[in-house]
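This report refers to the structure that appears directly beneath it.
Side chains are part of it too, since the values below use all heavy atoms of this structure and drop only hydrogens, waters and symmetry mates. Index from 1, following the sequence.
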Amino acid sequence: MVYTITFNPSLDYIVTVDDFRLGLTNRTTSELMLPGGKGINVSIVLSGLGIETTAIYFSAGFVGDEITRRVRDIGIRSDEIRLKDGCSRINLKLKSYDGTEINGAGPDISKEYIKELFCRIDSLKEGDFLVLAGSIPPSVPKTIYSDIIARIEGRGIKVVVDATGTVLLETLRYKPFLVKPNNHELGEIFGVTLETRESVIPYAKKLRSMGAENVIVSMAGEGAVFVASDDSEYMMPAPEGKLVNGVGAGDSMVAGFIAGYLDGGKWEDAFKMGVSAGSASAFSKYLATKEEIMKVYSSL
């Protein structure tokens, strides 16, 4: 089973407004409402690829109810931790201006609910995957990812971390199975600018030497780089296609990699599936379907 944890899920309200004007009443020409959050995104893509997955997340208020309803409608197993106070966030994404978003803050998560989370992950078994993805709310200790990994250390659970900066670095001592920064995030860690696949390789290897078993680095239009636990190196240019929506591409890459690994365990195949899933989502209005992912996969 692949478990994902999302601390601050959302209901994403995606709208298109033709000729958007500040200070005036604008009307939408299209609207879409979807459950969001990096961990949930990973579960959605995994489910589409036929991989059993459980999304663990915190929710509150009527928005939390709707997130859960939509997650279950997609066919994902939801393990909701219900907060007594507050309300889950609604994120507004304005398609008329590429990348323009207004993201809500989300509810506070107190210590009692963190304890409940720990109880949930205590039930994970050897061979399970646990994906830790996304930002950490201000009410939650910044060490939460490393705290979680420390709690399950030595139990044969493969941990995947998609985080940035100190949050990522603090997990490396526990030897996560996979980490996935992008090239900009990797460059910020080491104080360098990384623009080519070749330049990324030495710094991906540095993350390996610091504890990560496997490192995959997404690079948008430049493709991706993968350094495996046996120090083998893989580079792949970005597949051809029109960028439609970059949101969720990294989450899709994580899901694709896990699906490819579970399908046979060969690094090259897992990397190829990761790149295919990430690219397919970038070429789609929303997270890619299995058909869209396999179309890209067959072109590589």
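Ion pairing between a basic and an acidic side chain is recognised when a charged N comes within 4.0 Å of a carboxylate O; Glu52 and Arg77 show such pairing. By the 4.0 Å N-to-carboxylate-O rule, Glu116 lies close enough to Arg120 to be salt-bridged with it. Using a 4.0 Å cut-off between charged nitrogen and carboxylate oxygen, Arg82 and Glu80 count as a salt-bridge pair.
Rounded to the nearest 0.5 angstrom, Asp263 CG and Ile258 CD1 are separated by 13.5 Å. To the nearest 0.5 Å, atom CZ of residue Phe129 and atom OH of residue Tyr3 are 13.0 Å apart. In this structure, CG on Leu287 lies 8.0 Å from CG on Leu34, to the nearest 0.5 angstrom. Of the inter-residue distances, the one linking Ile148 atom CD1 with Ile144 atom CD1 reads 4.5 Å to the nearest 0.5 angstrom. Summarising the geometry, atom CD1 belonging to Ile5 is positioned 12.0 Å from atom CD1 belonging to Ile40; distances are rounded to the nearest 0.5 Å. Annotation: the span from Leu124 atom CG to Arg151 atom CZ amounts to 11.5 Å, rounded to 0.5 Å.
Leu11 and Phe58 end up in different hydrophobic clusters when Ile, Leu, Val, Met, Phe, Trp and Tyr side chains are linked at under 4.5 Å. Linking ILVMFWY residues whenever their side-chain heavy atoms come closer than 4.5 Å, directly or via other members, leaves Ile90 and Ile109 in distinct clusters. In the hydrophobic cluster analysis, where Ile, Leu, Val, Met, Phe, Trp and Tyr join through side-chain heavy atoms closer than 4.5 angstrom, Ile114 is grouped together with Val161. Hydrophobic clustering keeps Ile56 apart from Ile51 (ILVMFWY residues linked when any side-chain heavy atoms are closer than 4.5 Å, directly or through intermediates). Transitive grouping of hydrophobic side chains (ILVMFWY, heavy atoms separated by less than 4.5 Å) brings Val45 and Met294 into a common cluster.
The two atoms that bring Asn91 and Gly104 nearest to each other are OD1-N, 2.9 Å, heavy atoms only. Contact detail for Ala220 and Ala238: the closest heavy-atom pair is O-CB, 3.8 Å. Across all their heavy atoms, Ser59 and Gly64 have their closest contact at CB-CA, 3.8 Å. For the residue pair Leu168 and Pro181, the shortest heavy atom distance occurs at CD2-CB, 4.4 Å. Of all heavy-atom pairs between Val215 and Ala204, the closest is CG2-O, 3.6 Å. Heavy-atom minimum distance, Pro107 versus Cys87: CD-O, 3.4 Å.
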### Task
Could you go through the ring pair (Phe, Tyr, Trp, His ring centres under 6.0 Å) check for Phe226 and Trp267 one step at a time?
CA-CA 9 Å; Phe226 175 55; Trp267 295 132; 5.8 Å; yes

Check your understanding: Would Glu170 and Lys142 count as a salt bridge (Lys or Arg N to Asp or Glu O under 4.0 Å) if you check the C-alpha gap in whole Å, the side-chain angles of each, and the deciding distance to 0.1 Å?
Key -> CA-CA 10 Å; Glu170 287 182 347; Lys142 293 299 182 185; over 6 Å; no

Side chain to side chain contact (heavy atoms under 4.5 Å, CB included) evaluation trace for Asn26 with Arg21: CA-CA 7 Å; Asn26 295 273; Arg21 292 171 291 175; 4.1 Å; yes

Check: Can Lys205 and Glu233 be said to form a side chain to side chain contact (heavy atoms under 4.5 Å, CB included), step by step?
Finding: CA-CA 9 Å; Lys205 286 192 168 185; Glu233 305 168 7; 2.6 Å; yes

(request) Tell me, with the steps shown, if Asp73 and Arg69 meet salt bridge (Lys or Arg N to Asp or Glu O under 4.0 Å). (result) CA-CA 6 Å; Asp73 283 352; Arg69 185 185 73 81; 3.0 Å; yes

From CA spacing to verdict: salt bridge (Lys or Arg N to Asp or Glu O under 4.0 Å), Lys180, Asp251: CA-CA 9 Å; Lys180 194 218 73 65; Asp251 308 327; over 6 Å; no

task: Take Val225 and Ile201 through the side chain to side chain contact (heavy atoms under 4.5 Å, CB included) test and state the conclusion after the steps.
output: CA-CA 7 Å; Val225 166; Ile201 290 286; 3.3 Å; yes

* Asked: Step by step, would you call Tyr174 with Val159 a side chain to side chain contact (heavy atoms under 4.5 Å, CB included)?
  -> CA-CA 9 Å; Tyr174 300 106; Val159 179; over 6 Å; no

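A donor-acceptor distance shorter than 3.5 angstrom exists from the side chain of Arg208 to the backbone of Ser229, with no hydrogens or angles considered. Between the side chain of Asp128 and the backbone N or O of Lys158, no donor-acceptor pair lies under 3.5 Å. For Thr53 (side chain) and Val2 (main-chain N/O), a donor-acceptor pair under 3.5 Å exists by modelled atom type. Ser279 places no side-chain N or O within 3.5 Å of a backbone atom of Ser276 that could act as its donor or acceptor partner. Within the 3.5 Å criterion, the main-chain N or O of Leu83 finds no donor-acceptor partner in the side chain of Asp85. Using modelled atom types, no side-chain atom of Thr54 and backbone atom of Ser78 make a donor-acceptor pair closer than 3.5 Å. A donor-acceptor distance shorter than 3.5 angstrom exists from the side chain of Ser281 to the backbone of Ala288, with no hydrogens or angles considered. With hydrogens and angles disregarded, a donor-acceptor distance shorter than 3.5 Å links the side chain of Asn214 to the backbone of Phe177. In this structure a side-chain-to-backbone donor-acceptor pair under 3.5 Å is missing from Asp269 to Gly260. Side chain of Thr29 to main chain of Thr16: a donor-acceptor pair is present (N/O by atom type, distance under 3.5 Å, no hydrogens or angles).
The aromatic rings of Tyr145 and Phe7 sit tilted, their planes meeting at an angle between 30° and 60°.
With a 4.5 Å cut-off on side-chain heavy atoms, Ile149 and Leu132 count as touching. Looking at heavy atoms from C-beta onward, Val217 lies out of side-chain contact with Leu207 at the 4.5 angstrom threshold. At a threshold of 4.5 Å between non-hydrogen side-chain atoms, the residues Ile44 and Ile76 count as touching. Contact of the Thr164 side chain with the Glu188 side chain is not registered, since no non-hydrogen atoms from C-beta on lie closer than 4.5 Å. When side chains are defined from C-beta on, Met210 counts as touching Leu169, because their heavy atoms get closer than 4.5 Å. Residues Ser10 and Asn103 form no side-chain contact, since every pair of their non-hydrogen atoms from C-beta on lies 4.5 Å or further apart. Residues Asn183 and Glu222 are not in side-chain contact: their nearest non-hydrogen atoms beyond the backbone lie 4.5 Å or more apart. For the pair Arg70/Glu66, a side-chain contact is recorded, criterion being any heavy-atom separation below 4.5 Å from C-beta on.
Checked options Asp79, Thr68, Asn8; the residue passing with Tyr57 is Thr68 (criterion: side chain to side chain donor-acceptor pair (under 3.5 Å)).
Around CD1 of Ile102, the count of heavy atoms belonging to other residues, nucleotides or ligands within 6.0 Å does not exceed 12.
Both tests pass for Lys206 against the ring of Phe190: distance under 6.0 Å to the centre and angle within 45° of the axis.
Residues Thr143 and Ser146 bring no donor and acceptor atom of their side chains to less than 3.5 Å of each other.
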